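The structure presented is a predicted model; accordingly, all values stated were derived computationally and were not measured. Numbers here are sequence positions counted from 1.
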Amino acid sequence: QWQPRYFEVYPDATLRYFKKQGDATPKGSVDLRMVIDVGAHVGSKDHGDVKDPTRFDVDLGDSGKILRMKATSEDEAGHWTEALLAWRDYFLMNSASASMGVLAVDPGGSDELV
């Protein structure tokens, strides 16, 4: 049975979920830097078909965990999917530029890794 939760994204890259809005202590949290993929839920018996467009899965990569979520509508599920993928892409881009440097192109000449 699905249980409603209130979600908040924090500056430390965590998605925390609470039983209800205003609760001081979260029921749990997800490190958004661990998100590998977000997509429509396809169950093992669904033969590749999406049976419930309000359900979506958040793949947490190396941990082997998949966060299964259900929105109140197909549109809301789409918004969550887009937002979580945007966070994932943000962290991927920033971690890549921080660890590899940023390629700066000088219009007057050489490329330089800064």
Side-chain angles (χ1 to χ4, degrees):
Q1 181 178 354
W2 293 98
Q3 298 176 8
R5 294 290 181 250
Y6 175 76
F7 292 84
E8 291 183 5
V9 176
Y10 283 75
D12 66 352
T14 58
L15 175 68
R16 298 180 192 167
Y17 50 98
F18 302 82
K19 189 169 184 174
K20 65 183 188 307
Q21 186 173 2
D23 283 354
T25 306
K27 298 292 285 178
S29 66
V30 174
D31 184 346
L32 291 172
R33 294 168 294 191
M34 302 302 294
V35 173
I36 298 295
D37 197 16
V38 182
H41 172 78
V42 178
S44 59
K45 297 178 184 175
D46 293 342
H47 307 291
D49 296 329
V50 175
K51 300 287 187 190
D52 183 352
T54 64
R55 290 181 64 183
F56 57 100
D57 295 338
V58 181
D59 183 346
L60 299 175
D62 292 341
S63 71
K65 294 182 181 178
I66 295 179
L67 180 63
R68 304 210 187 276
M69 300 181 74
K70 182 174 174 67
T72 56
S73 70
E74 186 174 354
D75 283 344
E76 185 183 37
H79 290 299
W80 270 106
T81 300
E82 289 174 18
L84 290 169
L85 287 172
W87 272 102
R88 179 207 58 190
D89 293 347
Y90 171 81
F91 291 121
L92 285 174
M93 292 299 293
N94 285 312
S95 66
S97 63
S99 64
M100 300 182 331
V102 176
L103 181 63
V105 178
D106 178 6
S110 66
D111 296 340
E112 179 183 350
L113 188 63
V114 294

**Q** Could you check if a side-chain atom of Arg55 sits within less than 4.5 angstrom of a side-chain atom of Trp2, using non-hydrogen atoms only?
**A**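 Yes. Closest side-chain heavy atoms under 4.5 Å.
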**Q** How long is the straight-line distance from CZ of Arg16 back to CG of Asp23, given to the nearest 0.5 Å?
**A**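 Going from the CG atom of Asp23 to the CZ atom of Arg16 covers 14.0 Å.
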**Q** Are Val35 and Tyr90 connected, step by step, through hydrophobic side chains (Ile, Leu, Val, Met, Phe, Trp, Tyr) whose heavy atoms are closer than 4.5 Å?
**A**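 Same cluster.
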**Q** Enter the distance from Ile36:CD1 to Leu85:CG here, rounded to the nearest 0.5 Å.
**A** 11.5 Å
**Q** Measuring from Lys19:NZ to Lys27:NZ, what's the distance to the nearest 0.5 Å?
**A** 6.0 Å
**Q** I'd like to know if Phe7 and Val9 are part of one continuous hydrophobic network [Ile/Leu/Val/Met/Phe/Trp/Tyr, side-chain heavy atoms within less than 4.5 Å].
**A**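 Same cluster.
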**Q** Is any side-chain heavy atom of Leu15 closer than 4.5 Å to a side-chain heavy atom of Trp87?
**A**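 The answer is no, as the side chains (C-beta and beyond) never meet within the 4.5 Å cut-off.
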**Q** Spell out, yes or no, whether Phe18 and Met69 are grouped together once hydrophobic residues are joined by side-chain heavy atoms under 4.5 Å, including indirect joins.
**A** no
**Q** My understanding is that only residues two or more places apart in sequence, or in another chain, count here; which of them pass side-chain hydrogen bond (donor to acceptor under 3.5 Å, both in side chains) with Lys70?
**A** Asp52, Thr54
**Q** Determine whether Asp37 and Val58 make a side-chain contact, defined as any pair of heavy atoms from C-beta on separated by less than 4.5 Å.
**A**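 Answer no - side chains too far apart.
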**Q** Show me, pair by pair, the donor-acceptor contacts under 3.5 angstrom made by side chains of residues 75-82, not counting sequence neighbours?
**A**
unit_1	atom_1	unit_2	atom_2	d
Glu76	OE1	Thr72	N	2.5
Glu76	OE1	Thr72	OG1	2.6
Thr81	OG1	Ala77	O	2.8

**Q** Measuring from Leu67:CG to Phe56:CZ, what's the distance to the nearest 0.5 Å?
**A** 8.0 Å
**Q** Quick one: pull up CG in Asp12 and CZ in Arg33 and give me the separation to the nearest 0.5 Å.
**A**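 If I round to the nearest 0.5 Å, the distance is 7.0 Å.
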**Q** If you take all heavy atoms of Ile66 and Asp57, which pair is closest and at what distance?
**A** CG2-CB, 3.7 Å
**Q** What distance separates Asp59 CG from Arg88 CZ, expressed to the nearest 0.5 Å?
**A** 10.0 Å
**Q** When hydrophobic residues are tied together by side-chain contacts of less than 4.5 Å, even through go-betweens, does Val30 share a cluster with Phe91?
**A** yes
